[in-house]
Structure formats: structure tokens, C-alpha cells
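Only a predicted model underlies this, so the values are computations on that prediction, with no experimental measurement involved.
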Amino acid sequence: MTIHAVDVVHILHTCPGEPEPHPYDTRRVLVDVIPGGPCRAPVTVRCGGQTVQIPCHRHEPATRQCGACRIIVTERTITTRTHNPGAAA
């Protein structure tokens, strides 16, 4: 499995239409990638007279990918900030 570690930042604000603080901007930053290794189930693709093998993640849906190609996203940290100084988080 290839693991992607992500930091998430939610920015809150209040507005006249919705006085309760609510997120209006969410940012995700990729901080680390732990590779799963080479594909263990390459797929053979044919086009005309040419044949080539490609990693299964380029051809198969996630449920049929090998363990090395499957991607897991992990939220490392989740931060909430307020945009307006008077709003509570």
C-alpha cells in the first residue's frame, strides 16, 4: 500500500446569512508519501500489434488493484482556524 500523509486546515468564518462559525476554506498539504513498492499484478495491454505491461493502478479500479498499488490517505493533523477575530472556533 502506498500511504499518503496529509495535513488538513479548516478556516472558519461567520457571515450575516449564517451566524454560526462554519468552514469556508479547507486546505490539504501532502507531507509524506510511503511507497508500496513495485506492482505485483501488472496488466497486459494490447493495441494493434504492440503489447505492453502496465501497473494495475493505471488500468484497474481500486478494488481490483494489488496491495502495492492501492493508495491509503491518512490525515496526520487537522487544524481549525478562524478568519474573523471575533468568531469562536
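If you take NE2 on H59 and CD on Q53, they are separated by 12.5 Å, rounding to the nearest 0.5 Å. Within the model, atoms OG1 of T2 and CZ of R70 stand 10.5 Å from one another, a figure rounded to the nearest 0.5 Å. Here the CD1-NE2 distance, from I71 to H4, works out to 4.5 Å after rounding to the nearest 0.5 Å. Here the OG1-NE2 distance, from T26 to H10, works out to 5.0 Å after rounding to the nearest 0.5 Å. With rounding to the nearest 0.5 angstrom, the CD1 atom of I11 is 10.0 Å from the OG1 atom of T80. Separating the CD1 atom in I3 from the CZ atom in R76 is a distance of 14.0 Å, to the nearest 0.5 Å.
By the criterion of side-chain heavy atoms lying less than 4.5 angstrom apart, applied directly or through intervening Ile, Leu, Val, Met, Phe, Trp or Tyr residues, I78 is grouped together with V6 in one hydrophobic cluster. In this structure, M1 is not a member of the same hydrophobic cluster as V33, with clusters built from ILVMFWY side-chain heavy atoms closer than 4.5 Å.
A heavy-atom distance below 4.5 Å is found between the side chains of T14 and P21.
Taking every heavy atom of both residues into account, G36 and R40 meet most closely at O-NH2, 4.4 Å. Closest approach of Q65 and E60 over heavy atoms only: NE2-O, 3.2 Å. The heavy-atom pair separating C56 from C66 by the smallest distance is SG-N, 3.3 Å. In this structure, A68 and P38 approach most closely via the heavy-atom pair CB-O, 3.3 Å.
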>> Quick one, T44 with T51, criterion side-chain contact (heavy atoms from CB on, under 4.5 Å). Give me CA distance, side-chain angles, the key distance, then yes/no.
In response: CA-CA 7 Å; T44 302; T51 302; 3.3 Å; yes
> Between H22 and C15, does a side-chain contact (heavy atoms from CB on, under 4.5 Å) hold up when you go through it step by step?
Replying inline: CA-CA 9 Å; H22 55 278; C15 56; 3.6 Å; yes
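Within 6.0 Å of CD on E18 lie more than 12 heavy atoms contributed by other residues, nucleotides or ligands. At most 12 non-hydrogen atoms from other residues, nucleotides or ligands lie less than 6.0 angstrom from CD of E20.
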